[in-house]
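For reference, positions follow the sequence shown, starting with 1. As the structure is a prediction and not an experimental result, all values here were calculated from the model.
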Amino acid sequence: MYKMYLLKVNNVVISTNKYITGYKVAYIDLSEDGSGRNAGGTMRIIYAADGEKFKLSITTKPLTEEELVDFFGNFPKGEINIEYFNPFTGTMKTGVFYRGDREIDINFIKNNDALFNPFTINLTEF
């Protein structure tokens, strides 16, 4: 069941009103070696015993420098404990994730205040 938030990172709720405009969940099936097409073109897939992982893609609204620093402070290098809404089951799920590469660009600077364009951060389950 949805808990009034989509994402909690290391026990900190990431505000959808303050930061998030897009939320995408990829449900990834993992297969073992030997899966794939053989010479005859027949597809064979062997799912790994722990064969499912999740990837979250979080898109922000335009952020000020202060908001940007605050937002990224929630996503440290290494293991990140995340509770997230799983739309496939309609429930909250927890997992350990790592962050992907980050790329930011500035929309404009006015009176020494920067506004950064929306960006997406990818979080992939270990």
Side-chain angles (χ1 to χ4, degrees):
M1 170 180 244
Y2 178 67
K3 288 187 172 181
M4 303 304 292
Y5 59 87
L6 293 173
L7 197 62
K8 186 189 280 188
V9 179
N10 292 328
N11 289 317
V12 175
V13 173
I14 306 301
S15 171
T16 51
N17 293 334
K18 186 174 181 181
Y19 299 114
I20 299 173
T21 61
Y23 179 80
K24 183 164 69 170
V25 179
Y27 192 23
I28 303 164
D29 291 321
L30 302 178
S31 56
E32 293 184 2
D33 290 341
S35 295
R37 295 205 183 274
N38 64 21
T42 302
M43 181 67 179
R44 178 177 172 198
I45 189 160
I46 305 165
Y47 291 105
D50 186 22
E52 54 190 43
K53 297 291 178 186
F54 287 86
K55 179 178 178 182
L56 309 176
S57 297
I58 311 303
T59 301
T60 69
K61 67 176 186 111
L63 299 177
T64 65
E65 183 176 1
E66 183 180 323
E67 290 171 328
L68 181 78
V69 170
D70 184 51
F71 179 79
F72 274 123
N74 293 299
F75 300 95
K77 188 175 186 179
E79 294 183 358
I80 305 168
N81 295 305
I82 297 180
E83 180 182 15
Y84 60 98
F85 179 67
N86 179 348
F88 295 100
T89 62
T91 61
M92 298 302 289
K93 184 168 173 51
T94 58
V96 179
F97 290 74
Y98 64 93
R99 68 179 190 207
D101 294 337
R102 283 107 25 237
E103 185 175 311
I104 305 295
D105 63 315
I106 295 176
N107 184 317
F108 68 87
I109 299 174
K110 182 177 180 181
N111 299 328
N112 291 326
D113 293 325
L115 183 65
F116 295 86
N117 283 323
F119 59 89
T120 300
I121 185 169
N122 294 307
L123 305 162
T124 305
E125 191 174 20
F126 274 103

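No side-chain heavy atom of Thr16 sits less than 4.5 Å from a side-chain heavy atom of Tyr5. Side-chain contact between Lys8 and Ile82 is absent, with no heavy atoms from C-beta onward closer than 4.5 Å. You'll find the side chain of Leu7 stays beyond 4.5 Å of the side chain of Phe85, heavy atoms only. Asn107 has its side chain out of reach of Pro118: every pair of non-hydrogen atoms, C-beta onward, lies at least 4.5 Å apart.
Grouped with Phe108 in one hydrophobic cluster are Leu115, the linkage being side-chain heavy-atom contacts under 4.5 Å among Ile, Leu, Val, Met, Phe, Trp and Tyr residues.
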Output a table of donor-acceptor pairs, distance under 3.5 Å, between side-chain atoms of residues 93-105 and any protein atom two or more places apart or on a different chain; print 'none' if there are none.
residue : atom : partner : partner atom : Å
Arg99   : NH1  : Phe75   : O            : 2.6
Arg102  : NH1  : Gly100  : O            : 2.7
Asp105  : OD2  : Asn117  : ND2          : 2.8

Using distance only, find each side-chain donor-acceptor pair of residues 119-126 under 3.5 Å and give its atom names and separation, not counting sequence neighbours.
residue : atom : partner : partner atom : Å
Thr120  : OG1  : Thr59   : OG1          : 2.8
Asn122  : OD1  : Ser57   : OG           : 2.7
Glu125  : OE1  : Phe54   : N            : 2.9

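To the nearest 0.5 Å, the span separating CD1 on Ile14 from CD on Glu83 amounts to 12.0 Å. Taken from CD1 in Ile58 to OH in Tyr84, the straight-line distance is 11.0 Å, to the nearest 0.5 Å.
Asn74 places no side-chain N or O within donor-acceptor distance of the main-chain N or O of Val9, the cut-off being under 3.5 Å. No side-chain donor-acceptor contact under 3.5 Å links Tyr27 to the backbone of Lys55. Looking at Asn111, its side chain never comes within 3.5 Å of a backbone N or O of Asp113 through a donor-acceptor pair. Put simply, the side chain of Asn86 never gets that close to the backbone of Gly90: no donor and acceptor are under 3.5 Å apart.
Not counting sequence neighbours, the partners of Glu67 by the salt bridge (charged side-chain N to carboxylate O under 4.0 Å, His left out) test are Lys61. The salt bridge (charged side-chain N to carboxylate O under 4.0 Å, His left out) check on Lys53 picks up Asp50, with sequence neighbours excluded.
Residue pairs that meet the salt bridge (charged side-chain N to carboxylate O under 4.0 Å, His left out) test with at least one member in residues 15-24, sequence neighbours left out, are Lys18-Asp70.
Linking ILVMFWY residues whenever their side-chain heavy atoms come closer than 4.5 Å, directly or via other members, places Ile109 and Phe116 in the same cluster. Under the 4.5 Å side-chain heavy-atom criterion for Ile, Leu, Val, Met, Phe, Trp and Tyr, Ile20 and Val12 are members of distinct hydrophobic clusters.
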Check: Between Phe88 and Val25, does a side-chain contact (heavy atoms from CB on, under 4.5 Å) hold up when you go through it step by step?
Finding: CA-CA 9 Å; Phe88 295 100; Val25 179; 3.9 Å; yes
